Amino acid sequence: MTWTASLPVSEADAMRLADALGDDDRFAAHTVDATEVAPARWRLTVYFPDEPTRPERAALEALAAATLGRKKAAIAFAPLRETDWVAKSLEGLAPVRVGRFLVHGRHDRAIVRGNDLSIEIEAAQAFGTGHHGTTAGCLAAIDRVAKTRRIRRALDVGTGSAVLAIAIAMRLKTPVLASDIDPLAIRIAAGNARLNGAAPWLRTVCAAGVDRREFAVPGGFDLVVANILAGPLVALAPALRRRLAPAGTLILSGLLEHQRNRVAAAYRAQALRLVRSDIREGWVTLTLARARSA
Ligand SMILES: C[S@@+](CC[C@H](N)C(=O)[O-])C[C@H]1O[C@@H](n2cnc3c(N)ncnc32)[C@H](O)[C@@H]1O
């Protein structure tokens, strides 16, 4: 059973600690999440695949205290509650337009125009109503890639509400594998895929990272999207590169400006070329390409 370790922090401390965790071999592979729970109040959460042992707890507490310059870091350890992503979904209910996509709630069905690719998402217990700078950045990148590339198969890692997977399915009429570490997100993703008529294109899988055999498709994925935080993105660089087809496109988001170089360097080391970098509300979205012959 997944356990969480969380502590209240400022935004700067959340980012500092997320960086330190990403640089520490003991925690680099753990999922780390920074959430603004109220204006200027953040919570940093580390996910453990099982109940953390006493030494693991002590190591995390020592790392947090040293990174934040505190005598002691008051970390709360608890089994994962199903409602943990709720706060992330309450991002706002106004419709969001990005490229040809219109992401909206049920109450805004009437504003959909003939040419829109409309994605109906209710604020629920999975991240991704389109409002966050990371989601909007990925939608814009998907819209751009759709204009120039032929995509036969796509992968959405950390699908949350499945907003990006649905966008890919609608825009590109292509099969999408949508994965998430959180079983509740996977249930919500499948429901949203049905609601939006995208279910025939979507397959969901509950997994941390992309190591399971479901991800090992012959030839790889022509498009991979991953909107998760900088630490996990750095840790996942070799695995995501393996899942990307030759000449494939990789879209990454969930990183802040000061983390861009570290993430870009991790993917450069995997021979992926940075094609462009966009910023929305301080959140960076990277578009990278794998060489045709690599
Ligand atoms: C920021 S949300 C992105 C949701 C949606 N794709 C979007 O763009 O709005 C990140 C999602 O990634 C999932 N996640 C975090 N770490 C993961 C990992 N290592 N493997 C798979 N999913 C992960 C979380 O459960 C969460 O649903």
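Since the model is a prediction, treat every value here as computed from it, not as a measurement. Remember, it's 1-based here, ligands and their atoms both numbered in the order they're listed.
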Between Gly209 and ligand 1, is there a nitrogen or oxygen pair with a distance under 3.5 Å? yes

Residues that Trp201 engages under ring pair (Phe, Tyr, Trp, His ring centres under 6.0 Å), provided they are two or more places apart: none

The one among Thr285, Val205, Asn227, Thr135 that brings a heavy atom closest to atom 3 (C) of ligand 1: Asn227

Quick one: do Asp278 and Arg276 make a salt bridge, cutoff under 4.0 Å? yes

By number and element, which atoms of ligand 1 are closer than 4.0 Å to a non-hydrogen atom of Ala208? 20 (N)

Under the ring pair (Phe, Tyr, Trp, His ring centres under 6.0 Å) rule, collect the residues that match up with Phe48, sequence neighbours excluded. His30

Would you tell me which option among Cys138, Gly158, Ser161 has the nearest heavy-atom contact to atom 4 (C) of ligand 1? Gly158

Under the criterion salt bridge (charged side-chain N to carboxylate O under 4.0 Å, His left out), which of Arg152, Arg150, Arg149 is the partner of Asp222? Arg152

Run the salt bridge (charged side-chain N to carboxylate O under 4.0 Å, His left out) test on Asp143 and Arg100 for me, step by step, so that the C-alpha distance in whole Å, both residues' side-chain angles and the decisive distance to 0.1 Å come before the verdict. CA-CA 7 Å; Asp143 198 45; Arg100 283 194 58 199; 5.9 Å; no

Should you measure from each heavy atom of Leu164, which atoms of ligand 1 turn up under 4.0 Å away? 6 (N), 8 (O)

Has ligand 1 got any nitrogen or oxygen that is less than 3.5 angstrom from a nitrogen or oxygen of Asp180? yes

Winner among Ile181, Ile188, Leu236 once heavy atoms are compared against atom 23 (C) of ligand 1: Ile181

What are the atoms of ligand 1, with element, lying closer than 4.0 Å to any heavy atom of Asp182? 25 (O)

With a 4.0 Å heavy-atom cut-off (strictly under), which part of Thr159 contacts ligand 1: side chain, backbone, both or neither? backbone

Salt bridge check, Arg57 against Glu51: does any charged N sit closer than 4.0 Å to a carboxylate O? yes

Residues Arg16, Asp19: salt bridge by 4.0 Å N-O rule: no

Those atoms of ligand 1 less than 4.0 Å from some heavy atom in Ala207: 20 (N), 21 (C)

